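As structure tokens, the structure follows; a few thoughts come after it.
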Amino acid sequence: MLSKKEIDEGTWDDFEETLIMSDLGVTTTMKLRERLETKLAKKSLEDEETIEQALKEEILEILKGAQGTPIKAVSQPFVIMVAGVNGVGKTTTIGKLAHKLKQEDNNVMVAAGDTFRAAAMEQLEVWSKRVGTEFLRGESGRDPSSVAFDAVKAAISKKIGILIIDTAGRLHTKDNLMEELKKMKRVVGRELEGAPHETLLVLDATTGQNAIQQAKMFNEALDITGIVLTKLDGTAKGGVIIAIADELNIPVKYIGIGESLSDLREFNAEEFVEALFY
Amino acid sequence: GISEKLNTTLKRVRGYGKLSEKNIDEALREVRLSLLEADVNFKVVRDFVGSVKNRALGTEVMESLSPGQQFVKIVHEELINVLGSESSELDLKSAPPVGIMLIGLQGSGKTTTASKLAKYLKDTQKRNPYLVPADIYRPAAIDQLKVLAGQIGVDVYDTQPGVMPAQICKDAMEIARKSAHDIVIFDTAGRLHIDNELMDELKTIKSEVSPHQVLLVADAMTGQDAVNVSTSFNEAMDIDGVVLTKMDGDARGGAALSIKAVTGKPIKFFGTGEKLEALEVFHPDRIASRILG
Ligand SMILES: Nc1nc2c(ncn2[C@@H]2O[C@H](COP(=O)(O)OP(=O)(O)OP(=O)(O)O)[C@@H](O)[C@H]2O)c(=O)[nH]1
Ligand SMILES: Nc1nc2c(ncn2[C@@H]2O[C@H](COP(=O)(O)OP(=O)(O)OP(=O)(O)O)[C@@H](O)[C@H]2O)c(=O)[nH]1
Ligand SMILES: [Mg+2]
Ligand SMILES: [Mg+2]
């Protein structure tokens, strides 16, 4: 009689703790266990080193399945829209991204599409000055879509290489605010065919399972082309991006590892997976 | 939700006579999964399930005619117990000006919460608060607090460039003491709990102005890391309470249970929106069923 291959409970407990504490979540953790029990020989399921190695490979496979490409301006102006819930690091990330793209010899403009939050446009303007980019601001309280519209027009007339549009933070549960984002995307697309060419979702690495819901809703509204996972310089591991890769096929393109201009890196799946098991 | 699941799990049992420990374990497993999905910390869940099990193996469930209902009642009670059934009103009993210091990770909602607190104290508590922008790092952080102060008609200290946060807070306290301000709210820069230099800065501010209340501002959608963060901030500053922000989202809010369980410090307020009136006094019932699911 064939007995079902299972990892011994005691052995799995430690791995389960590591994965859950890294914010992979219950569902993904269970899924990984099932895959290992299907793929590995019975003998291997007793060896902790083999299990750890197999886990890393399994996670890597999921991440590779949602592989993303770093941003490259393949048309002009190349338009990038940046969205996400409140406080995750959108405005700071735009400063960092503008810096990186400028270092790659792109002519960059940033647009202050957050016309709502106190001092949001001033905040982006400081980053713009530090990086040395063109800056377009809306007036406070103005319709963000009209700012995006003006930004695209200005980018075209000024022969800008890359335009990055900042948006106000918003919870994905607020329908009217999600509609506002959809409208901005439509307006941008009408003004320039194919725009926005990249729509980035910024996620905070300290966020738990709610990040999956954020990714689902922002993706439904905007068709997200990539994620920036910020605040990985803290102690949070950001394991939710594994579930997001698995369920939604959305890649992480960059990670934020600090508050200065140079603290943005291209996502490296191997390094990310290694860090889960430190 | 979980109540239905637990009722089903324990109802199936009734037909076979007395409940066994195995039945309770099955129900506990449901609770564990639900709490983990709600972002409650792995170790906090283990402890919580352990204490629920002890009660569940007692006669109130085992000999009940409706064990499912009894079990759910116990879980809910234990949750309220940990979250804090005591009143969590803001303690302002101190010689004026009473200092309230807000601390926490980057982007958690400190600046917005500082303004909400000022509005709350001015409008509902007849106080005369003074807002102090002590974040000298984030671009336009001082502007942000000044704009918010203007929106609610509260005085704000005119933080100047080139002055360190501890000195800013000290000077602001002096001004408050000499004017009619009976409450001073210090908004500090977001920082990592593992940044020793910036954690020392917090300690320096505290030693300079001895705030009567130090509040940790934490995001309701925080995951497993809530334990690391709150433990570190509490060890460094001996916090007096917690404000959980962005509760207007759909995060289950398990971080609340984690933070309360590991620090023992009470949750005082919920942030429930971006507008400055969106501040609610903490009530355990408001979050218990949400966490349980
Ligand atoms: N440690 C760390 N802090 C970060 C990182 N990215 C952003 N921050 C900080 O997070 C805080 C919020 O950043 P913002 O750029 O204002 O976030 P936002 O998403 O634009 O916020 P809203 O526009 O209010 O929704 C700031 O204090 C940033 O310095 C990161 O990678 N690491
Ligand atoms: N929906 C919602 N948004 C909130 C709440 N509290 C704060 N915010 C938003 O969260 C974002 C960050 O708030 P801030 O007050 O700038 O956060 P902070 O902790 O001061 O950020 P740093 O100073 O960079 O560490 C802003 O977009 C706020 O409007 C809340 O309760 N609900
Ligand atoms: Mg912003
Ligand atoms: Mg702030």
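Everything numeric here is computed off the predicted structure, so don't read it as measured data.
Screening A/Val85, A/Val88, A/Asn86, A/Asp204 for a side chain to side chain contact (heavy atoms under 4.5 Å, CB included) involving B/Met221 leaves a single residue, A/Val85.
Interface residue B/Leu192: only side-chain heavy atoms are found under 4.5 Å from chain A. Only the side chain of B/Arg32 has a heavy atom closer than 4.5 Å to any heavy atom of chain A. For chain A, the nearby parts of B/Asp143 are the backbone and the side chain; heavy atoms of each come within less than 4.5 Å. Heavy atoms of A/Gln123 lying under 4.5 Å from chain B belong to its backbone as well as its side chain. Within the 4.5 angstrom heavy-atom criterion, no atom of A/Glu125 approaches chain B.
Once rounded to the nearest 0.5 Å, the distance linking NE2 of B/His193 with OG1 of A/Thr235 reads 3.0 Å. Going from atom CZ of B/Arg138 over to atom OG1 of A/Thr91 covers 7.5 Å, rounded to the nearest 0.5 Å. Interatomic distance, B/Leu105 CG to A/Thr206 OG1, rounded to the nearest 0.5 Å: 6.0 Å. Taken to the nearest 0.5 Å, the CG atom of A/Asp13 stands 6.5 Å off from the CZ atom of B/Phe42. Taking CD of A/Gln209 as the start and CZ of B/Arg252 as the end, the distance is 10.0 Å to the nearest 0.5 Å. Note that the NZ atom of A/Lys174 and the CG atom of B/Asp248 stand 3.5 Å from one another [nearest 0.5 Å].
Taking 4.5 Å as the limit, every side-chain heavy atom of A/Lys231 sits out of range of all side-chain heavy atoms of B/Asp225. Side-chain contact between A/Lys237 and B/Gln224 is absent, with no heavy atoms from C-beta onward closer than 4.5 Å. No side-chain heavy atom of A/Thr230 sits less than 4.5 Å from a side-chain heavy atom of B/Gln106. Taking 4.5 Å as the limit, some side-chain heavy atom of A/Asn210 sits within range of a side-chain heavy atom of B/Asp250.
In summary, B/Lys146 and A/Glu122 do not engage in a salt bridge, as defined by a charged side-chain N under 4.0 Å from a carboxylate O. Here B/Glu274 does not pair with A/Arg170 in a salt bridge; the nearest charged N to carboxylate O distance is not below 4.0 Å.
Each of B/Val147, B/Thr112, B/Asp39 has some count of heavy-atom pairs under 4.5 Å with chain A, and the biggest count is that of B/Asp39. The choice from B/Lys43, B/Glu37, B/Gln144, B/Arg46 that makes the most heavy-atom pairs within less than 4.5 Å of chain A is B/Gln144. Ranked by non-hydrogen atom pairs under 4.5 Å with chain B, the options A/Leu124, A/Val240, A/Asp233 are led by A/Asp233. Considering only heavy-atom pairs separated by less than 4.5 Å from chain A, the leading option among B/Ala220, B/Pro139, B/Ala140 is B/Pro139. Highest contact tally toward chain B, considering only A/Gln213, A/Arg117, A/Gln214, is held by A/Arg117 [criterion: heavy-atom pairs under 4.5 Å]. Among A/Glu16, A/Arg130, A/His172, the residue making the largest number of heavy-atom pairs under 4.5 Å with chain B is A/Glu16.
Counting non-hydrogen atoms of other residues, nucleotides and ligands closer than 6.0 Å to NZ of A/Lys182 gives a total above 12. Heavy-atom contacts from other residues, nucleotides or ligands closer than 6.0 Å to CZ of A/Arg265 number 12 or fewer.
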